[in-house]
Amino acid sequence: MGSGKPTVYLLDSFHPEALKYCQKRFNAILPGDPGHANWRQDAKYLLVRSSYVTAEDVAQSPKLKAIGKQGVGIDKIDAKACEGRGIKIFNTPGVNARAVAETVVALTMGVAREIPRIVTEQSHGTPVPKETCSGLIIHKKTIGLLGMGNIGHAVAHIFRHGFAAEIVTYDPFMPADAWSDIPHRRVETVEEVLRASDVLSIHVPLTAQTKNMISYPQLQMMKPTAILINAARGGIVNEADLEKGLEEGLIWGAGLDCHEQEPPTKERYGKLWNSRVLSTPHIGAATSQTQMETAIAAVQRLYEFVQSQEE
């Protein structure tokens with residue numbers, strides 16, 4: 001503690017390079033270190049990746065001033081409790097955008113070409129004659145995007161320039177001149193996006209307003225050849241309604257990188273994982289490069305705040 005560096009408590013493990021970056025700037029208290037268990041009573045600064053910081057945690061942390069959060073989503077941090085105490089939250093928007101966007105493309109193509117069914121049948125010893133396969137072409141199709149943040153922008157860029165796709169967007173919070181660099185049609189309602197989309201990709205945070213944003217009535221509005229992609233947060237899509245909608249053929253299929261239960265299990269999702277559902281365990285930003293970059297960004301944003309307090 002005599003290093004003169006500010007002390008930060010890490011509630012999760014971080015990329016080794018990011019940890020080195022952190023230790024050059026902070027006296028870093030890691031999980032398992034002496035005194036780490038006392039972080040609530042002692043910490044002024046926290047770094048988190050996947051841990052929850054609840055209202056109770058905030059109430060028990062009288063010295064806490066700021067939290068650095070790796071990644072975009074802060075739904076695991078009680079932002080209202082932090083706001084009430086004047087505790088700053090620094091996340092890392094934009095840093096993981098390309099990685100998540102590439103995951104969206106992978107999920108889309110996997111569902112469109114029936115990859116889950118083909119791989120499953122072959123892995124169980126059943127030959128799959130190509131005559132039994134009938135997938136979808138994405139070239140020049142309409143990509144609908146709910147949310148126009150950094151990830152949505154990266155998704156739009158890939159589909160527009162790589163697939164000559166038409167882009168339809170909805171986001172009531174973005175300025176009118178957003179995305180001036182990408183040809184797109186911006187609409188006024190979610191329903192307009194649903195009806196137009198061949199691929200619907202969700203890029204909104206999980207809030208009280210977006211919980212179950214896509215449920216059975218919304219699925220009924222979509223094309224029977226549409227693909228639904230959720231690489232945002234579990235809970236935005238009503239999973240029971242999605243299962244029902246797929247059984248009834250309301251849409252073609254779904255690619256899910258986010259679930260209400262994470263990691264997802266066969267016990268819970270076995271019925272949902274039919275031949276046209278491709279499910280991954282929230283791997284959108286799970287590349288070594290992205291984990292390093294987002295973790296370093298979280299450290300840097302927190303450190304800049306600490307330095308500004310000392311000036």
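All figures in this text were calculated on a predicted structure; none of them were measured in a lab. Start at 1 with the first residue, then count along the sequence. Just so it is clear, the values below take in all heavy atoms, side chains as well, and ignore hydrogens, waters and symmetry mates.
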Engineer: Is there a side-chain contact between Ile143 and Asp198, using heavy atoms and a 4.5 Å cut-off?
Structural biologist: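 A side-chain contact under 4.5 Å is absent here.
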Engineer: Between the side chains of Tyr269 and Gln261, does any donor sit under 3.5 Å from an acceptor?
Structural biologist: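 No donor-acceptor contact under 3.5 Å links the two side chains.
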Engineer: Side-chain contact, heavy-atom cut-off 4.5 Å: Leu200 with Leu146?
Structural biologist: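 With C-beta onward as the side chain, the pair touches.
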Engineer: Counting distance only, does the side-chain N/O of Thr132 pair as donor-acceptor with the main-chain N or O of Pro129 below 3.5 Å?
Structural biologist: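 Confirmed, Thr132 side chain pairs with Pro129 backbone.
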Engineer: Would you give the length of the straight line joining atom CD of Gln307 to atom CZ of Arg25, rounded to the nearest 0.5 angstrom?
Structural biologist: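 Those atoms lie 10.0 Å apart.
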Engineer: Would Ile67 and Ile87 count as a side-chain contact (heavy atoms from CB on, under 4.5 Å) if you check the C-alpha gap in whole Å, the side-chain angles of each, and the deciding distance to 0.1 Å?
Structural biologist: CA-CA 7 Å; Ile67 302 170; Ile87 297 166; 4.3 Å; yes
Engineer: If every non-hydrogen atom of Val58 is compared with every non-hydrogen atom of Ala81, which pair is closest and at what distance?
Structural biologist: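 What the structure gives for the nearest pair is CG1-O, 3.9 Å.
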Engineer: Once rounded to the nearest 0.5 Å, what's the spacing between atom CG of Leu278 and atom CG of Leu256?
Structural biologist: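 The CG atom of Leu278 sits 8.5 Å away from the CG atom of Leu256.
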Engineer: Are a donor atom and an acceptor atom from the side chains of Asp181 and His153 found within less than 3.5 Å of each other?
Structural biologist: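 Yes, His153 and Asp181 have a side-chain donor paired with an acceptor closer than 3.5 Å.
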Engineer: When you check the side-chain N and O atoms of Glu192 and Thr189, is any donor under 3.5 Å from an acceptor?
Structural biologist: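 Thr189 and Glu192 do have a side-chain donor-acceptor pair below 3.5 Å.
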Engineer: Main chain of Lys24, side chain of Lys20: is a donor-acceptor contact present, judged purely on distance under 3.5 Å?
Structural biologist: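 Checked: no pair found.
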Engineer: Which atom names give the shortest non-hydrogen contact between Phe14 and Ala295, and what distance separates them?
Structural biologist: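 The pair with the smallest heavy-atom distance is CD2-CB, 3.9 Å.
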Engineer: Atom NZ of residue position Lys76 - does it have more than 12 heavy atoms of other residues, nucleotides or ligands inside 6.0 Å?
Structural biologist: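 Result for NZ/Lys76: enclosed.
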Engineer: Same cluster or not: are Leu145 and Tyr170 linked, directly or through other Ile, Leu, Val, Met, Phe, Trp or Tyr residues, by side-chain heavy atoms under 4.5 angstrom apart?
Structural biologist: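 No, separate clusters.
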Engineer: Do Leu219 and Leu228 make a side-chain contact, defined as non-hydrogen atoms from C-beta onward lying under 4.5 Å apart?
Structural biologist: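 In short, these two side chains touch, coming nearer than 4.5 Å.
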Engineer: Do you know which two heavy atoms are closest between Leu64 and Lys44, and how far apart they sit?
Structural biologist: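 Smallest heavy-atom distance, with atoms named: CD1-O, 3.4 Å.
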Engineer: Judged by atom type as modelled, is there a donor-acceptor pair below 3.5 Å linking the side chain of Arg233 to the main-chain atoms of Leu206?
Structural biologist: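 No, the answer is negative, given that no donor and acceptor are paired below the 3.5 Å cut-off.
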Engineer: Compute whether any side-chain donor of one residue and acceptor of the other, for Thr280 and His282, lie under 3.5 angstrom apart.
Structural biologist: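 Side-chain D/A pair, Thr280 to His282: absent.
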Engineer: Using a 4.5 Å cut-off on heavy atoms from C-beta on, say whether the side chain of Arg268 contacts that of His259.
Structural biologist: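 They are not in side-chain contact.
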Engineer: Could you walk me through whether Lys80 and Glu83 pass the salt bridge (Lys or Arg N to Asp or Glu O under 4.0 Å) test, one step at a time?
Structural biologist: CA-CA 5 Å; Lys80 185 176 181 180; Glu83 183 180 4; over 6 Å; no
Engineer: State, without any angle test, whether Gln218 and Glu191 hold a side-chain donor-acceptor pair at a distance under 3.5 Å.
Structural biologist: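 Their side chains do not contain a donor-acceptor pair, so the 3.5 Å distance test is not met.
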Engineer: Can you see whether Ser50 engages Asp12 through a side-chain donor-acceptor pair at a distance of less than 3.5 angstrom?
Structural biologist: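 Ser50 vs Asp12: donor-acceptor pair found between side chains.
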Engineer: Could you tell me whether the side chain of Asp33 reaches within less than 4.5 Å of the side chain of Leu30, counting heavy atoms only?
Structural biologist: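 Touching, per the 4.5 Å side-chain cut-off.
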Engineer: Under 4.5 Å between side-chain heavy atoms, hopping through other hydrophobics if needed: is there a path connecting Met109 to Ile167?
Structural biologist: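 Yes; Ile167 is reachable from Met109 via cluster members.
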Engineer: With rounding to the nearest 0.5 angstrom, report the CG to CH2 distance, Asp57 to Trp39.
Structural biologist: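 The CG atom of Asp57 sits 4.0 Å away from the CH2 atom of Trp39.
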Engineer: Show the nearest heavy-atom pair for residues Val193 and Gly144, with the distance to one decimal.
Structural biologist: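 For Val193 and Gly144, the tightest heavy-atom pair comes out as CG1-CA, 3.7 Å.
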Engineer: Under a single-linkage definition using a 4.5 Å side-chain heavy-atom cutoff for Ile, Leu, Val, Met, Phe, Trp and Tyr, are Val72 and Val204 assigned to the same hydrophobic cluster?
Structural biologist: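 Cluster IDs for Val72 and Val204 differ.
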Engineer: Between atom CG of Leu11 and atom CG of Leu46, what is the distance when rounded to the nearest 0.5 Å?
Structural biologist: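 Those atoms lie 5.0 Å apart.
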Engineer: I'd like to know whether CZ of Arg85 has more than 12 heavy-atom contacts from other residues, nucleotides or ligands below 6.0 angstrom.
Structural biologist: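 Yes, the 6.0 Å shell around CZ holds more than 12 heavy atoms from other groups.
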Engineer: Could you tell me whether the side chains of Gln122 and Thr126 share a donor-acceptor contact shorter than 3.5 Å?
Structural biologist: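 No, no side-chain donor-acceptor pair sits under 3.5 Å.
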Engineer: How far apart are the closest heavy atoms of Leu246 and Ala254, and which atoms are they?
Structural biologist: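 Closest pair (atom of Leu246, atom of Ala254, distance): CD2-N, 4.5 Å.
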Engineer: Verify, without hydrogens or angle tests, whether Trp179 (side chain) and Met148 (backbone) share a donor-acceptor contact under 3.5 angstrom.
Structural biologist: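 Flag set: sc Trp179 to bb Met148 pair under 3.5 Å.
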Engineer: Hey, what do you get for OG (Ser288) to NE2 (His15), rounding to the nearest 0.5 Å?
Structural biologist: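 Separation between the atoms: 3.5 Å.
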Engineer: Below 4.0 angstrom, N of the basic side chain to O of the carboxylate: do Glu260 and Lys211 qualify?
Structural biologist: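 Answer for the salt bridge query: yes.
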Engineer: Got Leu242 and Ile251 here, is their nearest side-chain heavy-atom distance under 4.5 Å?
Structural biologist: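 Yes, at least one pair of side-chain atoms sits under 4.5 Å.
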Engineer: Show your reasoning for whether side-chain contact (heavy atoms from CB on, under 4.5 Å) applies to Asp78 and Thr54.
Structural biologist: CA-CA 5 Å; Asp78 196 308; Thr54 66; 5.5 Å; no
Engineer: Of all the heavy-atom pairs spanning Phe90 and Ala66, show the shortest one and how long it is.
Structural biologist: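 Between these two residues, the closest heavy atoms are CE1-CB, 4.0 Å.
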Engineer: Tell me whether Ile227 is reachable from Ile118 by hopping between hydrophobic residues (I, L, V, M, F, W, Y) whose side-chain heavy atoms are closer than 4.5 Å.
Structural biologist: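 No, Ile118 does not connect to Ile227 through the hydrophobic network.
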Engineer: Decide whether Ser180 and Asp177 meet the rule of one side-chain donor and one side-chain acceptor closer than 3.5 Å.
Structural biologist: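 There is no such pair between these side chains.
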Engineer: Decide yes or no for Gln70 and Leu47: does some side-chain heavy atom of the first lie under 4.5 Å from some side-chain heavy atom of the second?
Structural biologist: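 Of all side-chain heavy-atom pairs linking Leu47 with Gln70, none is under 4.5 Å.
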Engineer: Check step by step if side-chain contact (heavy atoms from CB on, under 4.5 Å) holds for Tyr9 and Asn38.
Structural biologist: CA-CA 10 Å; Tyr9 287 76; Asn38 298 323; 5.8 Å; no
Engineer: I'd like to know if the side chain of His124 reaches the main chain of Thr120, judged simply by a donor and an acceptor atom lying under 3.5 Å from each other, with no hydrogens or angles considered.
Structural biologist: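 Answer holds: yes.
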Engineer: Has Asp171 got a side-chain atom pairing as donor or acceptor with Gly147's backbone, closer than 3.5 angstrom?
Structural biologist: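 No; zero donor-acceptor contacts below 3.5 Å.
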Engineer: Mind checking whether His161 and His157 have parallel, tilted or perpendicular rings, split at 30° and 60°?
Structural biologist: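 Geometry flag for His157 against His161: tilted rings.
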Engineer: Has the side chain of Thr142 got a donor or acceptor atom that lies under 3.5 Å from a matching backbone atom of Ser197?
Structural biologist: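 Such a contact is absent between Thr142 side chain and Ser197 backbone.
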Engineer: Using a 3.5 Å distance criterion without hydrogens, assess whether the side chain of Lys223 forms a donor-acceptor pair with backbone atoms of Ala196.
Structural biologist: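 Confirmed, Lys223 side chain pairs with Ala196 backbone.
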Engineer: Got a sec: does the CD of Gln289 have more than 12 other heavy atoms crowding it under 6.0 Å?
Structural biologist: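 No, because the 6.0 Å sphere around CD of Gln289 holds 12 heavy atoms or fewer from other groups.
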Engineer: Would you say Arg49 and Ser13 are linked by a side-chain donor-acceptor pair, where the criterion is simply a distance under 3.5 Å?
Structural biologist: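 Distance-only check passes for Ser13 and Arg49.
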Engineer: Hey, does Arg98 have a side-chain heavy atom less than 4.5 Å from the side chain of Ile151?
Structural biologist: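 No, side chains not in contact.
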Engineer: Tyr21 and Gln300: side-chain donor and acceptor closer than 3.5 Å?
Structural biologist: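 Yes, side-chain donor-acceptor contact under 3.5 Å.
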Engineer: Here's one to test your reading of the geometry: is the NZ or CZ of Lys244 within 45 degrees of the ring axis of Tyr216 and under 6.0 Å from its centre?
Structural biologist: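 Judged by the rule, Lys244 and Tyr216 form a cation-pi pair.
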Engineer: Whether the side chain of Ser123 engages the backbone of Val119 through a donor-acceptor N/O pair (distance < 3.5 Å, no angle test) should be reported.
Structural biologist: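 Present.
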Engineer: With distance as the sole criterion, is a donor-acceptor pair present between the side chains of Asp257 and Thr103 under 3.5 Å?
Structural biologist: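 No donor-acceptor contact under 3.5 Å links the two side chains.
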Engineer: Is a side-chain donor or acceptor of Ser215 paired with a backbone partner of Asn212 at a separation under 3.5 angstrom?
Structural biologist: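 Confirmed, Ser215 side chain pairs with Asn212 backbone.
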Engineer: Using the ring of Tyr303 (Phe, Tyr or Trp, six-membered ring only), decide whether Arg301 places NZ or CZ under 6.0 Å from its centre and within 45 degrees of its axis.
Structural biologist: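 No, Arg301 does not sit over the ring of Tyr303.
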Engineer: Does NZ or CZ of Arg276 fall inside the cone over Trp252's six-membered ring, less than 6.0 Å from its centre and within 45° of the axis?
Structural biologist: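 Ring-cation test returns yes.
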Engineer: Does the plane of the ring in Tyr45 sit parallel, tilted or perpendicular to the ring in Phe305? Use 30° and 60° as the thresholds.
Structural biologist: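 It falls in the perpendicular class, over 60°.
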Engineer: Rounded to the nearest 0.5 Å, how far apart are CG of Leu272 and NZ of Lys266?
Structural biologist: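 Answer for the CG-NZ pair, Leu272 versus Lys266, is 13.5 Å.
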Engineer: State plainly whether one hydrophobic cluster holds both Met292 and Val299, where clusters connect Ile, Leu, Val, Met, Phe, Trp and Tyr through side-chain heavy atoms under 4.5 angstrom apart.
Structural biologist: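 Yes: a chain of side-chain contacts under 4.5 Å links Met292 to Val299.
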